[in-house]
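Below: the structure, in structure tokens.
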Amino acid sequence: VRGSTFNEFVLRLPRSVRMSNQELLGDKIIGPLALGRFYPELTKCGLFCVTETTTREEIDRLADSLTRILGAGSAAEPGAELKGAAGRKA
């Protein structure tokens, strides 16, 4: 599709993605795909996706919610070691 943007990236969270997603839902945010569902060794890894329709405000809202949920001292780690296209532009 001409002019479309689709980017995926993986973050390793300091806790279970499923638990984090439950709290994100409380903020009316659909969180990342929990990769541990498919790969048990990736329980704390989530696949995030943005498109050209994702606004800066939505990204900031997600970042603020994750910061609150995970605690200010906990940082998500970008680039979990995965095979595949995580982080690559389609």
Side-chain angles (χ1 to χ4, degrees):
V1 176
R2 187 172 186 205
S4 65
T5 302
F6 185 80
N7 290 298
E8 296 176 334
F9 59 95
V10 173
L11 291 178
R12 185 182 317 267
L13 304 179
R15 60 185 268 199
S16 163
V17 174
R18 286 184 179 188
M19 291 171 55
S20 298
N21 279 345
Q22 288 299 317
E23 293 190 50
L24 285 171
L25 281 175
D27 291 341
K28 297 185 176 159
I29 295 173
I30 297 173
L33 175 67
L35 294 177
R37 177 177 170 196
F38 307 100
Y39 306 97
E41 68 276 14
L42 300 177
T43 300
K44 295 181 180 180
C45 294
L47 180 65
F48 291 79
C49 175
V50 295
T51 70
E52 69 278 0
T53 64
T54 307
T55 66
R56 177 62 188 220
E57 290 78 20
E58 290 170 324
I59 294 169
D60 288 344
R61 195 166 140 250
L62 170 64
D64 291 343
S65 289
L66 279 175
T67 299
R68 180 185 52 75
I69 290 166
L70 300 175
S74 299
E77 300 174 25
E81 286 124 40
L82 299 174
K83 296 178 183 176
R88 186 175 51 176
K89 291 182 181 177

**Q.** Separation between CG of Leu62 and OG1 of Thr67, rounded to the nearest 0.5 Å
**A.** 9.0 Å
Q. How many angstroms lie between atom CG of Asp27 and atom OG of Ser65, to the nearest 0.5 angstrom?
A. 3.5 Å
Q. Nearest heavy-atom pair of Cys45 and Arg12: which atoms, and what distance?
A. SG-NH1, 3.7 Å
**Q.** Point-to-point distance, once rounded to the nearest 0.5 Å, from CD of Glu58 to OG1 of Thr53
**A.** 7.0 Å
Q) When rounded to the nearest 0.5 angstrom, what is the spacing between SG in Cys49 and CG in Asn7? A) 7.5 Å
Q: Look only at the side chain of Arg37 and the backbone of Arg18, and say whether a donor-acceptor pair between them is shorter than 3.5 Å.
A: no
Q) Around Arg15, counting heavy atoms of other residues, nucleotides and ligands shown, do more than 12 lie under 6.0 Å from its CZ? A) yes
**Q.** Hphob cluster co-occupancy, Leu70 + Met19, side-chain heavy atoms under 4.5 angstrom
**A.** no
Q) side-chain contact (heavy atoms from CB on, under 4.5 Å) between Leu66 and Leu24: does it pass, once the steps are laid out? A) CA-CA 8 Å; Leu66 279 175; Leu24 285 171; 4.1 Å; yes
**Q.** Under 3.5 Å donor-acceptor, Thr54 side chain and Thr51 backbone
**A.** yes
Q: Following the transitive rule for hydrophobic clusters with a side-chain heavy-atom cut-off under 4.5 Å over Ile, Leu, Val, Met, Phe, Trp and Tyr, establish whether Leu25 and Ile69 coincide in one cluster.
A: no
Q.
Looking at Asn21 and Ile30, would you say the former's side chain and the latter's main chain have a donor-acceptor pair under 3.5 Å?
A. no
